[in-house]
Amino acid sequence: MLKMNRRQALGLLGAASGSLILPRVAIGQSARPSITVAVQKITINGTLDVWYEQSNVGERVFFPNLWEGLILRDWMGNQGPVPGLATEWKRLDDKTVELTLRRGVKFHNGDEMTADDVVFSFSPERMFADTQPDGGKTIYEDDYKPKTDKELPASIPGVARRIWPALRGVEAVDQYTVRFHNASPDVTLEGRLFAFGSQITSRRAWNEAKSYTEWARRPVTTGPYKVVEYKPDISLVLEAHDEYWGGRPPLQQIRFIEVPEVSSRINGLLSGEYDFACDLPPDQVGAVEKASGFEVQGSPILNHRISTFNKYHPVLENPLVRRAMTHAIDRQAIVEALWAGKTNIPKGLQFEFYGDMFVNGWDVPAYDPKLAQSMLKEAGYKGDPIPFRVLNNYYTNQVPNAQIMVEMWKQIGLNVEIEMKENWAQIHDASAPRGVRDWSAGGAFNDPVATIVNQFGPNGEVQQKKDWTNEEANRMAEIIQKSTDRAARKKAFARMLEICEREDPAYQIIHQNAVFTGVKSSLKWKAAPAFAMDFRKENWFL
């Protein structure tokens, strides 16, 4: 008698609705296997666009399997630059980079990628709208609400200028050569080319799409896997792109399934329903490792868990209150209690892979309850409530972390109230008072401009969302962004850390993020030190 598991039954249901989902082939058969990956969330905005979906969960499903840039990030190595859709690049001057495109690269629609697609991928139509390079002002979503179905979502122009603040345009020198022209000097152009967002899409596919949403739910890219079905908030199915320039992909199909509850992800993994279970909290690692045939892989990654402050809240407008909040948190206690010591407390919002731009001797505010209480007394704090907006474990251990911090704040006399929210739109909703919110900050490439400037500079999200601003910090951000003097850039970075973490806190560091994934041991797959999951042939061993 033929028996069917739940995943195969769901596949037949998909076929009945006109979209065939093949059951996973058993490992060891001659045909390529298919896998199922249980994730907490697939995307947060219901699209697969790298500019609209700037998130940790987006990184997991986008890279390196779907979207690719001219320069790639070395996901399985040191996270630095490696050749991708471009085979080589060179500086022409401090404002210009020239790249030689890889020949014979095929999009998922069969077209060859050329300079025309690269020019389009960095065009006003695709990402900038009518924003100007070096515009000198913060870009707000309210100014870019789409008027037609084909126009960009309101947030994209601001996000684009966050990564490419001074890009004037891309020139097609010939079919396989492009030049990136900046309006001002920028020593980080090469890094921006492999940052989250700087990936290439097909101009023809965009032109043929009837709407932005239609295109964004099935983008045509060059990666080893292509989209065959996407059901927002439910599942994403990628299938092998056999004309991939990097060689035949090792998997026939990758199916990401949204499973919000940790216990359901683990149970599904152990029962054989899923091949991978993502975002395991450390206290569940042992249960998976004890089960025969399973293992857990993971490590700290280039991403810090933080909480950000809205300085326009009546209580938080006094920086002494925010400073007190940063001194009230025992970060080591959180790392031990929630992470079993499997991660660490970073030296502020920076990463050691910055190299000589890393500010030695810097540290997060010390845990000092007495100092925090004296700051509250000096501020004249009277016990007024401070709202703390929290999602239901979008981040691993997010809710228990919030509960612990609220208790620590309570111990110094702060009245912080958790407000549970369902999505990021509610987190950012400005119709009610905003106080504290959870977030994370990643190192998109190996320079502080990718982190503190990207997220807290003039066009960083906190300023675009009207949470915080500081004139001197913005001047420092401009130096970091434009100066070609490395010493001056580092000095400005150190000063920006002082402002953002001590004098006029925009955020506080909690701990370095870490990612743990449960996986069948027989798959011989290796986890990257990132949210991204690499299913290319170099990382699949049967």
Side-chain angles (χ1 to χ4, degrees), residues 56 279 281-283 285 298-309 316 319-352 354 358-376 386 388-391 393-414 416 418 435-443 451-452 455-456 462 468 494 496-516 529:
N56 300 338
D279 292 324
D283 64 353
V285 167
S299 65
I301 64 174
L302 294 175
N303 183 283
H304 296 334
R305 278 283 284 112
I306 66 176
S307 52
T308 66
F309 304 113
L316 298 180
L320 283 170
V321 177
R322 284 175 273 136
R323 290 172 62 190
M325 295 181 83
T326 69
H327 286 290
I329 301 302
D330 186 344
R331 294 162 182 81
Q332 191 59 44
I334 291 174
V335 166
E336 295 299 329
L338 297 182
W339 291 89
K342 293 180 182 294
T343 188
N344 53 69
I345 303 164
K347 304 296 184 181
L349 189 50
Q350 55 176 341
F351 301 92
E352 291 185 0
Y354 288 172
F358 185 87
V359 178
N360 290 307
W362 185 253
D363 212 338
V364 295
Y367 172 55
D368 192 335
K370 289 184 178 180
L371 175 60
Q373 288 173 327
S374 69
M375 288 178 170
L376 289 183
I386 301 170
F388 181 11
R389 295 182 179 180
V390 177
L391 293 171
N393 292 325
Y394 171 85
Y395 299 109
T396 300
N397 282 328
Q398 184 175 7
V399 173
N401 182 86
Q403 293 169 335
I404 288 174
M405 291 203 303
V406 165
E407 285 303 309
M408 290 176 176
W409 284 323
K410 183 179 180 180
Q411 289 175 11
I412 67 163
L414 278 166
V416 180
I418 291 178
V436 186
R437 67 175 172 91
D438 273 327
W439 205 25
S440 68
T451 308
I452 197 167
Q455 295 183 274
F456 297 93
V462 294
W468 177 92
M496 197 168 177
L497 282 173
E498 288 179 338
I499 296 167
C500 293
E501 298 187 6
R502 300 283 176 86
E503 295 179 11
D504 184 21
Y507 60 87
Q508 67 165 353
I509 297 289
I510 305 172
H511 58 75
Q512 186 168 356
N513 223 333
V515 173
F516 299 100

* To do: Apply the test side chain to side chain contact (heavy atoms under 4.5 Å, CB included) to residues Ile334 and His511: give CA-CA distance (whole Å), side-chain angles for both, the deciding distance (0.1 Å), then the verdict.
  => CA-CA 8 Å; Ile334 291 174; His511 58 75; 4.3 Å; yes
* What's the verdict on side chain to side chain contact (heavy atoms under 4.5 Å, CB included) for Gln508 and Ile329, showing C-alpha distance, side-chain angles and the deciding distance? -> CA-CA 9 Å; Gln508 67 165 353; Ile329 301 302; 3.6 Å; yes
* Asked: Would Met496 and Val359 satisfy side chain to side chain contact (heavy atoms under 4.5 Å, CB included), going step by step from the backbone distance to the final call?
  -> CA-CA 11 Å; Met496 197 168 177; Val359 178; over 6 Å; no
* **Stepwise side chain to side chain contact (heavy atoms under 4.5 Å, CB included) check, Ser440 with Tyr395** => CA-CA 9 Å; Ser440 68; Tyr395 299 109; 3.6 Å; yes
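Residues passing the ring-ring contact (aromatic ring centres under 6.0 Å, His included) test with Trp409, sequence neighbours excluded: Phe388. Considering only residues two or more places apart in sequence or on other chains, Ala514 meets the side chain to side chain contact (heavy atoms under 4.5 Å, CB included) condition with Trp339, Thr343, Phe516. Partners of Glu352 by side chain to side chain contact (heavy atoms under 4.5 Å, CB included), not counting sequence neighbours, listed by chain and number: Phe358. Residues satisfying the salt bridge (charged side-chain N to carboxylate O under 4.0 Å, His left out) criterion with Glu336, sequence neighbours excluded, are absent altogether. Applying the side chain to side chain contact (heavy atoms under 4.5 Å, CB included) rule to Ala340 yields the partners Pro282, Lys342; only residues at least two apart in sequence or on another chain are considered. Under the salt bridge (charged side-chain N to carboxylate O under 4.0 Å, His left out) criterion, Arg331 pairs with no residue, sequence neighbours left out.
Going from atom SG of Cys500 over to atom CD of Gln455 covers 11.0 Å, rounded to the nearest 0.5 Å. One finds the OG1 atom of Thr396 at 9.5 Å from the CG atom of Asn56 (value rounded to the nearest 0.5 Å). The distance from atom CG of Leu320 to atom OG of Ser374, rounded to the nearest 0.5 Å, is 9.0 Å. Rounding to the nearest 0.5 Å places CD1 of Ile509 at 10.5 Å from CZ of Arg305. Note that CG of Leu497 is 11.5 Å distant from CD of Glu503, once rounded to the nearest 0.5 Å.
Nearest heavy atom pair, residue Val416 against residue Met325, reads CG2-CE, 4.0 Å. Across all their heavy atoms, Pro281 and Asn397 have their closest contact at CB-OD1, 3.8 Å. Residues Leu376 and Gly413 share a closest heavy-atom pair of CD1-C, 4.4 Å. Between Pro300 and Pro529 the shortest heavy-atom distance is O-CB, 4.4 Å. Ile412 and Ala324 get closest at one heavy-atom pair: CD1-O, 3.9 Å.
Looking only at side-chain heavy atoms (C-beta outward), Gln398 and Val390 come within less than 4.5 Å of each other. A heavy-atom distance below 4.5 Å is not found between the side chains of Ile345 and Gln512. Taking the side chain as every heavy atom from C-beta outward, Gln403 and Ile418 approach each other to under 4.5 Å. Between Met405 and Val436, the closest side-chain pair of non-hydrogen atoms is not below 4.5 Å. Arg502 places a side-chain heavy atom less than 4.5 Å from the side chain of Pro365. The shortest distance between side-chain heavy atoms of Met408 and Leu414 does not fall below 4.5 Å. In this structure the side chain of Ile404 reaches within 4.5 angstrom of the side chain of Leu338, judged on heavy atoms. Between Thr326 and Phe309, some side-chain heavy-atom pair lies under the 4.5 Å cut-off.
A salt bridge does not link Arg389 to Asp438: none of the charged side-chain nitrogens sits closer than 4.0 Å to a carboxylate oxygen. Salt bridge status for Asp504 with Arg322: present, with a side-chain N to carboxylate O gap under 4.0 Å.
Proximity of a side-chain donor or acceptor of Asn513 to a complementary backbone N or O of Ile301 within less than 3.5 Å is not detected. For Asp330 (side chain) and Ala333 (main-chain N/O), a donor-acceptor pair under 3.5 Å exists by modelled atom type. Side chain of His327 to backbone of Gln373: no donor-acceptor contact under 3.5 angstrom is found.
Side chains of Glu501 and Trp362: a donor on one and an acceptor on the other come within 3.5 Å.
Among the candidates Val364, Ile306, Asn401, Val335, the single residue satisfying the side-chain contact (heavy atoms from CB on, under 4.5 Å) test with Ile510 is Asn401.
Relative orientation of the Phe456 and Tyr507 rings is tilted, given thresholds of 30° and 60° on the angle between their planes.
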